[in-house]
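Here the structure is laid out as structure tokens; the discussion comes afterwards.
Residue numbering restarts at 1 for every chain, and letters A, B, ... go by the order of the sequence lines.
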Amino acid sequence: MSWDPVYKLVKQIPRGRVLTYGAVARALHLPGGARTAGRAMAGCPSGKGIPWHRVLGAGGKLLIREPYASLQRKLLESEGVQMTERRVNMKLHQWSAPRFKKSAKNRSGKTRKN
DNA sequence: CATCTGACGACCG
DNA sequence: GCGGTCGCCAGAT
């Protein structure tokens with residue numbers, strides 16, 4: 001399987017921003033959803049400048065285990081990402097991944113529900 | 001070819 | 001908020 005599009009998207013994640021596996025899967029329209037994105041990241045080639053640490057689980061959960069877990073935390077923290085012991089503040093750092101094949105909707109300043 | 005597992009996500013208690 | 005279960009796809013054994 002060619003994960004190139006996945007790595008390509010991850011490489012586009014701005015510093016200090018993060019994405020979830022589900023978001024990546026949906027942005028690239030990957031079959032199987034988040035698991036497929038996870039598989040792609042698991043085989044993430046080193047030395048390619050891929051900010052793999054910016055990809056988290058749903059809700060900003062840090063799913064990666066040691067020894068990469070601590071490394072990921074260190075890198076994120078280094079980028080000024082606000083986080084708890086095992087979760088990242090998605091509200092502040094979730095990045096709007098560009099939609100491939102689908103039109104991106106303007107979700108800025110939404111009323112939410114109050 | 002059958003089965004298990006995994007850098008997942010949503011749901012339920 | 002946390003742990004357990006089911007569904008999903010692909011690779012490994």
Side-chain angles (χ1 to χ4, degrees):
Chain A
M1 191 65 88
S2 306
W3 306 123
D4 293 331
V6 179
Y7 303 141
K8 195 168 157 186
L9 175 61
V10 175
K11 278 195 273 189
Q12 292 173 67
I13 303 176
R15 183 173 177 280
R17 290 275 203 277
V18 296
L19 272 183
T20 65
Y21 295 100
V24 173
R26 294 191 329 199
L28 299 176
H29 196 98
L30 300 177
R35 290 230 74 138
T36 306
R39 278 201 64 70
M41 295 313 296
C44 164
S46 320
K48 300 288 185 181
I50 301 174
W52 56 269
H53 58 276
R54 293 178 187 151
V55 185
L56 321 165
K61 290 195 292 191
L62 298 169
L63 306 172
I64 306 175
R65 298 179 197 174
E66 300 293 333
Y68 293 102
S70 50
L71 175 59
Q72 180 178 38
R73 286 187 50 174
K74 191 180 70 172
L75 290 170
L76 288 171
E77 197 173 278
S78 180
E79 296 184 354
V81 175
Q82 297 302 305
M83 53 195 290
T84 63
E85 174 138 352
R86 51 204 192 192
R87 299 229 334 212
V88 171
N89 191 328
M90 301 301 283
K91 304 299 181 184
L92 302 177
H93 305 290
Q94 189 168 86
W95 178 59
S96 303
R99 279 298 177 97
F100 294 92
K101 308 172 74 163
K102 293 288 187 181
S103 13
K105 269 291 188 142
N106 174 17
R107 64 179 60 232
S108 56
K110 220 4 208 152
T111 68
R112 280 187 59 189
K113 56 183 169 77
N114 180 254

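The other members of the hydrophobic cluster of A:Met90, by chain and number, are A:Val18, A:Leu56, A:Leu62, A:Leu76, A:Val81, A:Met83, A:Val88 (side-chain heavy atoms under 4.5 Å, ILVMFWY only).
Under the salt bridge (charged side-chain N to carboxylate O under 4.0 Å, His left out) criterion, A:Glu77 pairs with no residue, sequence neighbours left out. Residues meeting the ring pair (Phe, Tyr, Trp, His ring centres under 6.0 Å) test with A:Trp3, sequence neighbours left out: none.
Along DNA chain B, read 5' to 3', the first and last nucleotides having any atom under 4.0 Å from a heavy atom of chain A are B:dG6 to B:dA10.
For residues 51-86 of chain A, the ring pair (Phe, Tyr, Trp, His ring centres under 6.0 Å) pairs, not counting sequence neighbours, are A:Trp52-A:Tyr68. Counting only residues at least two apart or in different chains, ring pair (Phe, Tyr, Trp, His ring centres under 6.0 Å) contacts with residues 74-95 of chain A are absent. Counting only residues at least two apart or on different chains, the salt bridge (Lys or Arg N to Asp or Glu O under 4.0 Å) pairs with a member in residues 31-59 of chain A are A:Arg54-A:Glu79.
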When you check every protein heavy atom under 4.0 Å of nucleotides 1-13 of chain C, what one-letter string (B, S, -) results, 5' to 3'? -S----BBSSS--
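Nucleic acid contact for A:Ala58: sugar-phosphate only, since backbone atoms but no base atoms lie under 4.0 Å from a heavy atom of the residue.
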Solution key, residues 4-17 of chain A side-chain donor-acceptor pairs under 3.5 Å, sequence neighbours excluded:
from    : atom 1 : to      : atom 2 : distance (Å)
A:Tyr7  : OH     : A:Ala40 : O      : 2.9
A:Tyr7  : OH     : A:Gly43 : O      : 3.0
A:Gln12 : NE2    : A:Lys8  : O      : 3.0
A:Arg15 : NH2    : A:Ser78 : O      : 3.2

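Summarising the geometry, atom CD belonging to A:Gln82 is positioned 15.0 Å from atom CZ belonging to A:Arg87; distances are rounded to the nearest 0.5 Å.
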